[in-house]
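Here the structure is laid out as structure tokens; the discussion comes afterwards.
Computed from heavy atoms alone, side chains included, the values below leave out hydrogens, waters and symmetry copies.
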Amino acid sequence: MPELPEVETVVRGLRAVLPGRRILTVRLGKVDFIEDPAALERDLPGSRINSVRRHGKFIVAELEASTGSQVSFALLIHLGMTGQIVVGPSEAPVAPHTHVFFALDDGREFRYTDIRRFGKMRILSAGTQEAALGKLGLDPLEATQAEFVAQLRGRRARIKALLLDQRVLRGMGNIYTDESLWRARIHPMRLGANLRDTELRRLHRAVRQVLEEAIRMRGSSVSDYVDSEGQRGSFQQRHRVYQRKGKKCFRGDGLIQRAIVAGRSSYFCPRCQPAPRSRRRISP
DNA sequence: CTTACGGCCTGGGTGC
DNA sequence: TGCACCCAGGCCGTAA
């Protein structure tokens with residue numbers, strides 16, 4: 001499942017091959033995950049890719065319309081759960097569930113494959129970019145400790161839900177949320193408002209460490225994630241809690257538990273990550 | 001306004 | 001062999 005480190009790895013790969021390239025033709029398969037397929041077919045052919053960047057879990061390719069016109073727009077891609085982008089020779093065999101093909105001016109082809117089609121693709125004109133991306137919260141790697149703490153302090157939702165909320169922090173998903181909470185020794189059901197500042201600072205450090213290490217290891221390949229060169233990541237070898245239910249905690253004798261928190265399966269060590277005092281429903 | 005929750009989309013994996 | 005069921009991330013509607 002592509003989260004921040006996987007998307008960052010894909011973006012770095014694309015950045016090595018796409019800037020300067022021109023899109024010659026567009027071919028589409030199933031289009032139900034594309035906001036406006038006709039816009040892709042209309043605007044992309046002849047356009048030039050100026051840059052590629054990551055915004056949370058989104059990939060943003062900045063484009064310039066065909067020769068001379070100077071009109072700039074962007075292609076926004078979200079990989080969802082199973083989205084993959086590969087840039088390679090146009091004669092390479094086509095993977096199943098490949099629904100987008102861009103022929104590039106160096107003879108290669110940009111392909112988007114997405115088994116479940118939970119991904120999203122849309123064209124952003126200059127005016128709509130802020131509306132599409134402005135709602136997102138802090139980048140967890142760019143946020144200072146003070147900004148991070150300020151964003152979570154006083155919030156009454158569970159810390160797991162807050163970390164997953166893209167309006168609070170952009171880019172965290174289920175894996176890195178659980179791994180960060182384990183490192184910070186914070187139970188996923190704790191409420192933001194009940195965390196001490198020292199705990200929030202510890203969490204900030206844990207989030208940064210986990211994400212940075214995961215990026216160095218080119219992400220986690222749990223099921224089918226591969227980067228733009230078709231390479232798997234290796235951070236799954238460093239997972240301490242994710243999908244380790246019943247196994248021994250790396251820090252002691254605790255056994256990793258699984259529970260649904262914020263509607264997501266969550267893994268944690270009940271010994272290192274003490275549960276909040278369960279003051280349940282007080283309804284009459 | 002904030003939070004919680006259920007449902008929806010899709011299809012591979014699992015278990016019976 | 002078949003098939004019901006689970007699950008994933010984001011989003012939306014609804015309720016408290």
(request) Just do the salt bridge (Lys or Arg N to Asp or Glu O under 4.0 Å) check on Arg12(A) and Glu8(A) with the steps written out, would you? (result) CA-CA 6 Å; Arg12(A) 288 180 185 184; Glu8(A) 179 66 25; 2.8 Å; yes
(request) Could you tell me whether Arg264(A) contacts a base, only the sugar-phosphate backbone, or nothing, with contacts defined as non-hydrogen atoms closer than 4.0 Å? (result) base
(message) With salt bridge (Lys or Arg N to Asp or Glu O under 4.0 Å) as the criterion, how do Asp178(A) and Arg264(A) come out once you've worked through the C-alpha distance, each side chain's angles and the decisive distance to 0.1 Å?
(response) CA-CA 10 Å; Asp178(A) 282 2; Arg264(A) 293 278 170 261; over 6 Å; no
(request) Nearest whole angstrom, please: distance from the P of dG9(C) to the CE of Met172(A). (result) 12 Å
(request) Taking only Lys NZ, Arg NE, NH1 and NH2, and the carboxylate oxygens of Asp or Glu, determine whether Arg54(A) and Asp139(A) approach each other closer than 4.0 Å. (result) yes
(request) Report yes if a side-chain nitrogen or oxygen of His78(A) is closer than 4.0 Å to either non-bridging phosphate oxygen (OP1 or OP2) of dG10(C); otherwise report no. (result) yes
(message) Closest approach to the side chain of Lys57(A), judged atom by atom: which nucleotide of dA4(B), dG9(C), dC7(C) is it?
(response) dG9(C)
(message) One character per nucleotide, please: for nucleotides 9-16 of chain B, 5' to 3', B when the base has a protein heavy atom closer than 4.0 Å, S when only the sugar-phosphate does, - otherwise.
(response) BBBS----
(message) Val210(A) and side-chain contact (heavy atoms from CB on, under 4.5 Å): which single residue from Arg205(A), His239(A), Glu179(A), Met172(A) fits?
(response) Glu179(A)
(message) With side chain to side chain contact (heavy atoms under 4.5 Å, CB included) as the criterion, how do Leu63(A) and Asp43(A) come out once you've worked through the C-alpha distance, each side chain's angles and the decisive distance to 0.1 Å?
(response) CA-CA 10 Å; Leu63(A) 300 149; Asp43(A) 296 341; over 6 Å; no
(request) Return the value, rounded to whole Å, for the distance between atom CE of Met189(A) and atom C1' of dA4(B). (result) 12 Å
(message) Just to verify, which of Val86(A), Leu14(A), Val11(A) counts as forming a side-chain contact (heavy atoms from CB on, under 4.5 Å) with Ser228(A)?
(response) Leu14(A)
(request) Starting from P on dT2(B), measure out to CZ on Arg153(A) and report it in whole angstrom. (result) 17 Å
(request) Could you check how far CD1 of Ile260(A) sits from C1' of dG9(C), rounded to whole Å? (result) 14 Å
(request) Could you state the atom-to-atom distance from CG of Asp165(A) to C1' of dT3(B) in whole Å? (result) 10 Å
(message) Angle between the end axes of the helix from dT2(B)-dA16(C) to dC16(B)-dG2(C), five pairs per end, to the nearest 10 degrees?
(response) 40°
(message) If I take atom CG in residue Leu169(A) and atom P in nucleotide dG9(C), what distance separates them, rounded to the nearest angstrom?
(response) 16 Å
(message) So, OP1 or OP2 of dC7(C): does either fall under 4.0 Å of a side-chain N or O from Arg258(A)?
(response) yes
(message) With a 4.0 Å cut-off on N to O distance, would you call Arg108(A) and Asp106(A) a salt bridge?
(response) yes
(request) Could you state the atom-to-atom distance from CG of Leu164(A) to C1' of dG9(C) in whole Å? (result) 9 Å
(message) Rounded to whole Å, how long is the line connecting atom CD of Gln166(A) with atom C1' of dG9(C)?
(response) 9 Å
(request) Apply side chain to side chain contact (heavy atoms under 4.5 Å, CB included) to Val207(A) and Leu169(A), showing your working. (result) CA-CA 11 Å; Val207(A) 163; Leu169(A) 290 173; 5.5 Å; no
(message) Any base atoms under 4.0 Å from Lys120(A), or only sugar-phosphate, or nothing? Heavy atoms, all strands.
(response) nothing
(message) For residues 14-44 of chain A, which residue pairs pass the ring-ring contact (aromatic ring centres under 6.0 Å, His included) check, not counting sequence neighbours?
(response) Phe33(A)-Tyr112(A)
(message) When you measure from the side-chain N and O atoms of Arg167(A) to the phosphate of dC1(B), is any distance below 4.0 Å, counting only OP1 and OP2?
(response) no
